[in-house]
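Nothing here was measured: the structure is a model prediction, and the numbers come from that model.
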Amino acid sequence: MDVIEAIRSRRSVREFTVNDVDDSVIEKILDAGRWAPSGLNNQAWRFIVVRDNGTKEELSMLSHYGSIIKNAPVLIAIYLDRNEMYDHIKDIQSIGACIQNMLLAVHSMGLGAVWLGQILNKKEDVNIVLGAPASYELMAVVALGYPAQKNRVSERKELSQLVFREQFGQCWQD
Ligand SMILES: Cc1cc2nc3c(=O)[nH]c(=O)nc-3n(C[C@H](O)[C@H](O)[C@H](O)COP(=O)(O)O)c2cc1C
């Protein structure tokens, strides 16, 4: 799939079929993540892949989006390893790029995913459930699987609402 087409057609997927996802597919998704750019090529991202229903059940109780978490075949918890950090903002920005790479890889292979951030309100509890060390700071959980619904829609602000030409206040499109 062409990159621009992938960026434009990717949508968050919150309902999944019962079909399982092969480890080989998950490895391709993680591989796309680790090839993201990072400041100083620091690569402070770490991943915990969850398939176990009991673990998903425990995590589901930590979020408003529990039904997504429970019903997704696979969860990927994405962490910043604070022991490996060189610059908090830049390391976090890099992890955002890593997550977007994974979402695009998911979409390009015909799967679907949603980036879950609300669960960060309970990030310490997530660490306990997953046995993550104190240096691991949760950045997101991505829930993924084969999409149960298609033709999802979303909207974006117009470029004219977002962009200035040369100076603040000057319209991009006249
Ligand atoms: C940082 C971040 C946090 C998000 N947290 C959640 C979440 O907790 N639950 C959820 O259902 N979607 C979450 N989303 C998905 C957004 O709701 C979604 O990307 C947005 O509405 C645009 O829709 P689209 O992805 O289909 O284009 C999050 C996305 C980002 C980037």
Under 3.5 Å donor-acceptor, [X] side chain and [Y] backbone:
{"X": "Asn101", "Y": "Ala32", "value": "yes"}
{"X": "Ser60", "Y": "Ser67", "value": "no"}
{"X": "Glu57", "Y": "Thr55", "value": "no"}
{"X": "Glu5", "Y": "Asp2", "value": "no"}
{"X": "Glu137", "Y": "Leu80", "value": "no"}
{"X": "Asp22", "Y": "Ser24", "value": "no"}

Is any side-chain heavy atom of [Y] closer than 4.5 Å to one of [X]?
{"X": "Val74", "Y": "Ile26", "answer": "yes"}
{"X": "Ser94", "Y": "Trp45", "answer": "yes"}
{"X": "Leu59", "Y": "Leu62", "answer": "yes"}
{"X": "Val114", "Y": "Val142", "answer": "no"}
{"X": "Ser154", "Y": "Arg152", "answer": "no"}
{"X": "Arg51", "Y": "Asp20", "answer": "yes"}
{"X": "Leu111", "Y": "Val21", "answer": "yes"}
{"X": "Asn41", "Y": "Gln43", "answer": "yes"}

Check: Does a sphere of radius 6.0 Å around CD in Glu166 hold more than 12 heavy atoms from other residues, nucleotides or ligands, not counting ones at 6.0 Å or beyond?
Finding: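 For Glu166, atom CD is not crowded (no more than 12 foreign heavy atoms under 6.0 Å).
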
Note to self: A quick test of your reading: do over 12 heavy atoms of other residues, nucleotides or ligands sit less than 6.0 Å from CD of Gln161?
What the structure shows: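 More than 12 within 6.0 Å, yes.
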
Item checked: Working for side-chain contact (heavy atoms from CB on, under 4.5 Å), residues Ile76 and Leu30 -> CA-CA 9 Å; Ile76 303 177; Leu30 295 165; 4.0 Å; yes

Which heavy atom in [X] sits nearest to a heavy atom in [Y], and how many Å separate them?
{"X": "Ala97", "Y": "Ala36", "value": "C-CB, 3.8 Å"}
{"X": "Leu103", "Y": "Ala113", "value": "CD2-CB, 3.8 Å"}
{"X": "Ala6", "Y": "His107", "value": "O-CD2, 3.4 Å"}
{"X": "Leu130", "Y": "Ala77", "value": "CD1-CB, 3.7 Å"}
{"X": "Pro73", "Y": "Thr17", "value": "CG-O, 4.0 Å"}
{"X": "Trp115", "Y": "Gln100", "value": "CZ3-N, 4.4 Å"}

Rounded to the nearest 0.5 Å, what separates atom [atom1] in [X] from atom [atom2] in [Y]?
{"X": "Asn83", "Y": "Arg46", "atom1": "CG", "atom2": "CZ", "answer": "9.5 Å"}
{"X": "Glu124", "Y": "Ile128", "atom1": "CD", "atom2": "CD1", "answer": "8.0 Å"}
{"X": "Ile29", "Y": "Leu104", "atom1": "CD1", "atom2": "CG", "answer": "11.5 Å"}
{"X": "Met139", "Y": "Lys123", "atom1": "CE", "atom2": "NZ", "answer": "6.0 Å"}
{"X": "Ile68", "Y": "Leu144", "atom1": "CD1", "atom2": "CG", "answer": "12.5 Å"}
{"X": "Arg8", "Y": "Arg156", "atom1": "CZ", "atom2": "CZ", "answer": "9.0 Å"}

Check: Quick one: do Asp91 and Arg82 make a salt bridge, cutoff under 4.0 Å?
Finding: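 Result for this pair is no, no salt bridge flagged.
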
Check: Any ion pair linking Asp23 and Lys28 (charged N to carboxylate O, less than 4.0 Å)?
Finding: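 No salt bridge links Lys28 with Asp23.
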
Using the rule that two of Ile, Leu, Val, Met, Phe, Trp, Tyr join whenever any of their side-chain heavy atoms come within less than 4.5 Å, decide whether [X] and [Y] are in one cluster.
{"X": "Val106", "Y": "Tyr146", "answer": "yes"}
{"X": "Val129", "Y": "Val141", "answer": "yes"}
{"X": "Tyr65", "Y": "Ile119", "answer": "yes"}
{"X": "Trp172", "Y": "Leu162", "answer": "yes"}
{"X": "Ile99", "Y": "Leu116", "answer": "no"}

Next item on the list: Consider only side-chain N and O atoms of Gln118 and Ser63, and report whether a donor and an acceptor are under 3.5 Å apart.
Entry: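 Distance-only check passes for Gln118 and Ser63.
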
Next item on the list: Output, in order, the C-alpha distance, side-chain angles, deciding distance and verdict of side-chain contact (heavy atoms from CB on, under 4.5 Å) for Met109 and Val25.
Entry: CA-CA 8 Å; Met109 291 189 285; Val25 173; 4.1 Å; yes

Checklist line | For Tyr136, all residues meeting ring pair (Phe, Tyr, Trp, His ring centres under 6.0 Å), sequence neighbours excluded | finding: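 If we apply the ring pair (Phe, Tyr, Trp, His ring centres under 6.0 Å) test to Tyr136, skipping adjacent residues, the hits are Tyr79.
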
Check: Taking only residues two or more places apart in sequence, or in another chain, which ones meet Asn71 in a side-chain hydrogen bond (donor to acceptor under 3.5 Å, both in side chains)?
Finding: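 For Asn71, no residue satisfies side-chain hydrogen bond (donor to acceptor under 3.5 Å, both in side chains) once neighbours in sequence are set aside.
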
Checklist line | side-chain contact (heavy atoms from CB on, under 4.5 Å) between Phe47 and Cys98, intermediate numbers included | finding: CA-CA 11 Å; Phe47 311 96; Cys98 162; 3.6 Å; yes

Notebook entry, point to check: Of all residues at least two apart in sequence or in a different chain, which pass the side chain to side chain contact (heavy atoms under 4.5 Å, CB included) check with Ile89?
Noted result: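 Ile89 satisfies side chain to side chain contact (heavy atoms under 4.5 Å, CB included) with Asp87, Gln93 only.
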
